[in-house]
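This report concerns only the one structure given below.
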Amino acid sequence: RRALGSCGALADGDLVGSAAGVGFNRSAAFWLDVEALQREPPGACADDLALAVAGYRGELLPGHYEPWVVLERERLEAVFERRMSRLLEMLAGEERWDELARRAEQWISFGTAPEPAYRALMRARAAGGNYAAVQATFQHCVAALHDRLGVGPSPDSRLLSAELTAASYQTGLPPGAATSADRLQESNVTLEITAPANLGTVVADQQRLKQILLKILTNAANLAPEN
């Protein structure tokens with residue numbers, strides 16, 4: 001009653017009361033974001049799911065901790081997470097990378113450290129070729145999970161980070177290596193990368209691997225004879 005009484009947007013006739021409590025008048029001209037969230041989208045396509053989650057703005061009745069509020073808050077949060085997880089999967093499947101990033105960032109902004117959102121954002125950044133942002137997103141995920149829940153990232157998140165990092169090396173040299181490679185080219189030295197086709201995924205410290213590669217290239221550039 002206190003929460004509803006503080007809401008100035010309600011007009012006369014929007015609420016009905018009885019001895020059992022207070023509720024919304026179903027015949028009034030309004031719609032509820034909670035009902036839109038819970039309603040099963042008819043077409044189950046990405047756009048329908050986007051409409052379903054659009055009205056969710058975070059936890060229900062923040063600052064209120066009555067038992068019924070806590071239970072309803074947790075239930076609605078679980079519904080939102082199911083809907084949003086499915087939406088992110090569909091957006092990724094349709095390669096709608098910009099919208100995928102926007103929806104993932106929306107979920108992350110609620111401060112609940114949602115790993116599916118971080119993974120979706122990593123995929124969106126990788127699709128745009130921004131592998132530095134991929135690793136930054138993973139590090140933000142690690143920090144958020146530690147600060148909020150006191151845990152580390154799941155195996156799924158760690159594996160995705162490793163796979164996307166490996167993919168970044170397949171697209172070319174890491175940032176910083178281009179300068180040394182250019183110097184080698186100026187000296188008419190051909191740079192070749194040879195690796196077995198079935199090498200698989202290598203899980204290691206990304207920064208140290210970059211440092212090793214850059215050191216090798218720098219030494220080669222410094223020692224290469226001119227012409």
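With sequence neighbours left out, E94 forms a salt bridge (charged side-chain N to carboxylate O under 4.0 Å, His left out) with R96. Looking at residues two or more places apart in sequence or on another chain, you find no salt bridge (charged side-chain N to carboxylate O under 4.0 Å, His left out) involving R82. Looking at residues two or more places apart in sequence or on another chain, you find no salt bridge (charged side-chain N to carboxylate O under 4.0 Å, His left out) involving D98. For Q106, the side chain to side chain contact (heavy atoms under 4.5 Å, CB included) criterion is met by M84, R103, F110, not counting sequence neighbours.
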Practice task
Could you walk me through whether R73 and Y65 pass side-chain contact (heavy atoms from CB on, under 4.5 Å), step by step?
Solution key: CA-CA 10 Å; R73 178 184 298 151; Y65 301 98; 3.9 Å; yes
Practice task
Decide side-chain contact (heavy atoms from CB on, under 4.5 Å) for V151 and H146; before the verdict, give the C-alpha distance in whole Å, the side-chain angles of both, and the deciding distance to 0.1 Å.
Solution key: CA-CA 5 Å; V151 299; H146 179 269; over 6 Å; no
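A salt bridge (Lys or Arg N to Asp or Glu O under 4.0 Å) check over residues 122-151, counting only residues at least two apart or in different chains, returns the pairs E105-R125.
Note: E72 CD to E74 CD = 10.5 Å, rounded to the nearest 0.5 Å. Between the CE atom of M122 and the CG atom of N130 there is a distance of 12.5 Å, given to the nearest 0.5 Å. Taken to the nearest 0.5 Å, the CZ atom of R158 stands 14.5 Å off from the CD atom of E163.
Under the 4.5 Å side-chain heavy-atom criterion for grouping Ile, Leu, Val, Met, Phe, Trp and Tyr, L145 is not connected to W107 through any hydrophobic cluster. In the hydrophobic cluster analysis, where Ile, Leu, Val, Met, Phe, Trp and Tyr join through side-chain heavy atoms closer than 4.5 angstrom, L61 is grouped together with L76. Both M90 and L88 are part of a single hydrophobic cluster, where members link through side-chain heavy atoms under 4.5 Å apart.
Side-chain N or O atoms of T137 include one that pairs as donor or acceptor with a backbone N or O of A133 at under 3.5 Å. Of the possible donor and acceptor atoms, none in the side chain of E115 sits under 3.5 Å from a partner among the backbone N and O of P153.
In this structure the side chain of L71 never reaches within 4.5 angstrom of the side chain of W68, judged on heavy atoms.
For the residue pair S161 and Q135, the shortest heavy atom distance occurs at OG-NE2, 3.4 Å. Nearest heavy-atom pair, L100 versus A124, reported as atom, atom and distance to 0.1 Å: CD2-CB, 4.0 Å. Taking all atoms of both residues into account, the shortest heavy-atom contact from L87 to A50 is CD2-CA, 3.9 Å. Nearest heavy atom pair, residue L91 against residue A46, reads CD2-CB, 4.1 Å. Among all heavy-atom pairs drawn from A104 and A117, the shortest one is CB-O, 3.4 Å.
In the hydrophobic clustering, where aliphatic and aromatic side chains (Ile, Leu, Val, Met, Phe, Trp, Tyr) are joined below 4.5 Å either directly or transitively, Y118 groups with I108, L121.
At least one cation-pi condition fails for R119 and F138: the charged atom is not both under 6.0 angstrom from the six-membered ring centre and inside a 45 degree cone around its axis.
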